[in-house]
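Data first, discussion second: the structure below is written as structure tokens.
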Amino acid sequence: MKWKKFSQILSVFCLFALLNGYVLNNEALVTINKISVKPEKLNTLIIFDTSTPPAISETYYLKDAPSTIVLEFDNATTAEDFQVSRGESLLVEDIKVEKIEDNDIHVLINLKEQVPYRIYAEQGQTIIELNRIQRNLNGYIIDSATEEELNKWPKKQLLFKEVGIFEEKGMVNVTARLDEKAIIQVFALENPLRLVVDFFHTLYPDPTFRYPLGKLDIKRVRTGQFETAPPYTIARLVFDLDQPKFYTLLSEKESFTFQFYKDERARVAPAMVPPTPRPAPPVPPAPTEEEVAPLVPTTEVPVVQERDVEVPGTALRRTVLEAPVVRYTGEIISMKFKDADLRDVILYLGHFAGLNVVFDPEVRGTVTCDLQDVPWDQTLDIILKLNKMGKTIEGNVLRIAPMAVLTREDEELRKLEESKELAGPIQVKVFDLSYARAGDVESLLRTKISQRGEIIVDERTNTLIISDVVDRIGTLEKLINVFDMPTPQVSIEARIVEATSTFVRNLGIQWGFRGIMDPLHGNQTSLKFPSDITVDGALIPQGLTTKGIGGPLGGYAINLPAPAFNTAIGLSFGSVMDTFRLDMAISALETSGQGQIISSPTITTQNNQQAEIIQGRQIPVQTVANFTTTTRFVNAALELRATPQITAEGTIIMDIEIRNNAADFANLVNGIPPITTQSATTTVMVIDGGTTVIGGIYRTEDSITREKVPLLHKIPILGGLFKNFARTRQKRELIIFITPRIIK
């Protein structure tokens, strides 16, 4: 029993020792070896090399020095050879390390101005990313790290599913959900101050989303499609900020969560701890027209609502995107009323939501409802819709009025804005166009000028003279900059390959004989009848029915020479007294040939402009009508007509017409040669620099001719003496290739 108690005490002691050792180990000092500054194209990185991952308890901008970031490290120290390397940063002025009691360290980063920033861990290092505020950007910029990731991208398109905004005590979470993890780039822009997040190779499948937040120095959150043209498809998430802030970015498998904090001091180090799983946050309702603001500045590409999407393995198709479904985010409420006054019910909802309520004098009605677990904002919309009422929310004041009243006020406000605009001063501006025709641009701008506006076109100098109110001049200038763009050119090369092969084989035979039996030759039959016999098998003279070669007898019994020949052998056999003679001739021919004709017309034209090139001859054709001779010319030439269209993906759609006509002078008709025609008309889509076959013709002619002596040609073995043979085989192959190239 004593041994049992001793073992229990020993176990408790060992457990206490282990826990004490664990705590002591966890409280080991973190050594900061080096702090270095690495400027990037868009952001500046401050890299902390430490012995173990540090614990940053707080980070904030110092009140006494508003451009100084403070990082509070718990249980940390600096190495003996500790050093700070500022590099050539244009943002960081100085970095100081202050040792505080109890082994705590404060790192003070003195900046030239306040910027948004975040903290994260990567490859054993702690990194402070300072989002430098970009000014006067000359084109779109990609930093080196992002560019390296894009070079490894497998060229697949991602889909931006939704944006969720979730508010909790002292924090706002904004989550962007995709179908897969994307490559992102974070940077800051000014006028107004914005924190921008770009998702590469990503399509945003909804119209532009804007949510007026108005909390934690975040005025609104916006999303939309920033870029649809090659080489990158970019979806954009924008935070409109009142002032630069610290934020955190949590990256999960298919989502990115941005966290903003209420207090000036962020008391967590989210980069050092794993993200806490959360349910899918609700999507806020769509804002009113008054809350809508442009997603991107005027120097950026506008949001595209309808676009062409190339789906792998299918043809190009047009995708029209549907509007998102409105979702409610108010707190859940249950209520039950019967014939209650409309104003009392709305006052109850306003008190529940913490809003002040103002009624128009014409607001009246009753409410009968039984609602369980419904968001209060959805309840309000349903009640107002049933009573044909509308609402506006300005700050924390909820105003209720009939729909007709709100509509009339909106119309009056619009008229007031128009009258203010028309009452403004007139500005005259001259636009010299470089690429577009002034007349074409003028017709496009007609619908955008005000009632006081005027557009004058000077065709001689290709100039537009526009006079209008100041607000409209700015809009017209932006449109002119879009229209007056250089039109890309396309070089189109066609290759027409025509190959022919011929084969001819002829084989013929001629033979004849003559036999004489009579006393004159001393070989009579010794009979009274017949005493004389003459057999003549050479009665068909050469050249009477067919051509061949002549023989000693002057003709042949079997006269089947080759239709055409270049080789002949003649044999003649006779007796001593020339009483019997046999003549034979064999004629033969075999020919083969191959030919290839390549025609390669090339032409260059502007996008969406037809081009034509012709090379060849014209054949005059005369017709007589009413004693009048008319001469017209028919093309016997190689013709290429093409109209290219460059798509947003960089491919080229072409309307093509090719004709390869030739005059056949070997078969004249009334002195006029017929026209041999080869043509193709089609519409194809080809990648830049790619080659496609738009058409081809394959033709084979094979003919066999035999001349025979009836019945005798069937005699085995000897049948070949009673027939000839002629074979002609001809192959023609025509292939048309097209190669378009965009001239950079």
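In what follows, residues are counted from 1 in the order of the sequence shown.
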task = Name the orientation class of the two ring planes belonging to Tyr61 and Tyr117 (parallel below 30°, tilted from 30 to 60°, perpendicular beyond 60°).
result = perpendicular
key: Mutual orientation of the aromatic rings belonging to His201 and Trp153 [parallel < 30°, tilted 30-60°, perpendicular > 60°]   =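 The arrangement is parallel - the two ring planes meet at less than 30°.
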Shortest non-hydrogen separation from [X] to [Y] and the atoms involved:
X	Y	answer
Thr739	Gly689	CG2-O, 4.0 Å
Gln606	Thr487	CB-CG2, 4.0 Å
Lys245	Asp217	CD-CB, 3.6 Å
Thr602	Ile613	O-CD1, 3.6 Å
Leu189	Ile133	C-CG2, 4.0 Å
Val469	Ser450	CG2-OG, 4.2 Å

request  = Give the intermediate values and the outcome of ring-ring contact (aromatic ring centres under 6.0 Å, His included) for residues Phe226 and Tyr204.
outcome  = CA-CA 9 Å; Phe226 171 68; Tyr204 184 75; over 10 Å; no
[atom1]-[atom2] distance between [X] and [Y], expressed to the nearest 0.5 angstrom:
X	Y	atom1	atom2	result
Ile653	Thr683	CD1	OG1	9.0 Å
Lys448	Ile480	NZ	CD1	13.0 Å
Arg132	Lys41	CZ	NZ	11.5 Å
Asn43	Ile128	CG	CD1	13.0 Å
Ser467	Gln427	OG	CD	10.5 Å
Asn396	Leu398	CG	CG	10.0 Å

Kindly write out the residues that satisfy salt bridge (charged side-chain N to carboxylate O under 4.0 Å, His left out) with [X], not counting sequence neighbours, or none if the list is empty.
X	answer
Glu412	none
Asp484	none
Asp688	Lys744
Glu93	none

query = Under the side-chain contact (heavy atoms from CB on, under 4.5 Å) criterion, do Val221 and Leu237 qualify, and how do the steps go?
reply = CA-CA 7 Å; Val221 180; Leu237 171 65; 3.7 Å; yes
Under 3.5 Å, side-chain donor or acceptor atoms of residues 453-463 against the rest of the protein: list the pairs with distances, not counting sequence neighbours.
from, atom 1, to, atom 2, distance (Å)
Asp458, OD1, Arg460, N, 3.2
Asp458, OD2, Thr461, OG1, 2.9
Thr461, OG1, Thr463, OG1, 2.9
Asn462, OD1, Ala438, N, 2.8
Asn462, ND2, Leu433, O, 3.3
Asn462, ND2, Ala436, O, 2.9
Thr463, OG1, Asp432, OD1, 3.0
Thr463, OG1, Thr461, O, 3.2

Donor-acceptor pair, [X] side chain versus [Y] backbone, under 3.5 Å?
X	Y	result
Arg222	Arg220	no
Ser89	Arg86	no
Gln259	Met171	no
Gln225	Ile234	yes

inquiry  = Test: side chain to side chain donor-acceptor pair (under 3.5 Å). Region: residues 397-408. Which pairs qualify, not counting sequence neighbours?
reply    = Arg399-Glu409
Chi angles and distances behind the salt bridge (Lys or Arg N to Asp or Glu O under 4.0 Å) call for Arg437, Glu442 = CA-CA 9 Å; Arg437 291 188 178 91; Glu442 185 265 345; over 6 Å; no
request  = State plainly whether the residues Glu113 and Arg135 are in salt-bridge range, i.e. N to O under 4.0 Å.
outcome  =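 Salt bridge present between Glu113 and Arg135.
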Pairing of Asp381 and Lys391 as salt bridge, 4.0 angstrom limit = yes
ask   = What do the steps show when you test Thr223 against Val238 for side-chain contact (heavy atoms from CB on, under 4.5 Å), and what is the final call?
value = CA-CA 6 Å; Thr223 56; Val238 179; over 6 Å; no
May I ask you to test the [X]-[Y] pair for a side-chain heavy-atom distance under 4.5 Å?
X	Y	result
Leu250	Phe256	no
Asp143	Phe187	no
Ile603	Thr605	no
Ile743	Pro488	no
Leu45	Val37	no
Ile119	Thr59	yes
Arg236	Val197	no
Arg446	Ile449	yes

inquiry  = Testing Ile183, Leu158, Ile184, Thr233 one by one against Phe200 for a side chain to side chain contact (heavy atoms under 4.5 Å, CB included), which residue passes?
reply    =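 For Phe200, the side chain to side chain contact (heavy atoms under 4.5 Å, CB included) check succeeds only for Ile183.
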query = Glu40 and Lys38: salt bridge (Lys or Arg N to Asp or Glu O under 4.0 Å), yes or no, with the steps?
reply = CA-CA 6 Å; Glu40 294 283 350; Lys38 180 182 179 183; 3.5 Å; yes
message = Can you confirm if the NZ or CZ of Arg343 lies within 45° of the ring axis of Phe359 and under 6.0 Å from the centre of its six-membered ring?
response =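 Yes; both conditions hold, so Arg343 lies above the ring face of Phe359.
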key: Criterion side-chain contact (heavy atoms from CB on, under 4.5 Å) on Val92 and Thr44, from CA distance to verdict   = CA-CA 8 Å; Val92 180; Thr44 297; 4.2 Å; yes
request  = Give a yes-or-no answer on whether the side chains of Thr175 and Ser255 include a donor-acceptor pair shorter than 3.5 Å.
outcome  =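 No, no side-chain donor-acceptor pair sits under 3.5 Å.
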query = Does a side chain donor of either Thr248 or Tyr261 reach within less than 3.5 Å of an acceptor in the other side chain?
reply =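 Present: a donor and an acceptor within the cut-off.
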key: Worked verdict on Leu249 versus Thr257 for side-chain contact (heavy atoms from CB on, under 4.5 Å)   = CA-CA 6 Å; Leu249 170 58; Thr257 300; over 6 Å; no
[atom1]/[X]: more than 12 non-hydrogen atoms of other groups inside 6.0 Å:
X	atom1	value
Lys112	NZ	yes
Tyr140	OH	yes
Leu90	CG	no

note = Only one of Phe246, Phe239, Phe166 passes ring pair (Phe, Tyr, Trp, His ring centres under 6.0 Å) with Phe258, and that residue is Phe239
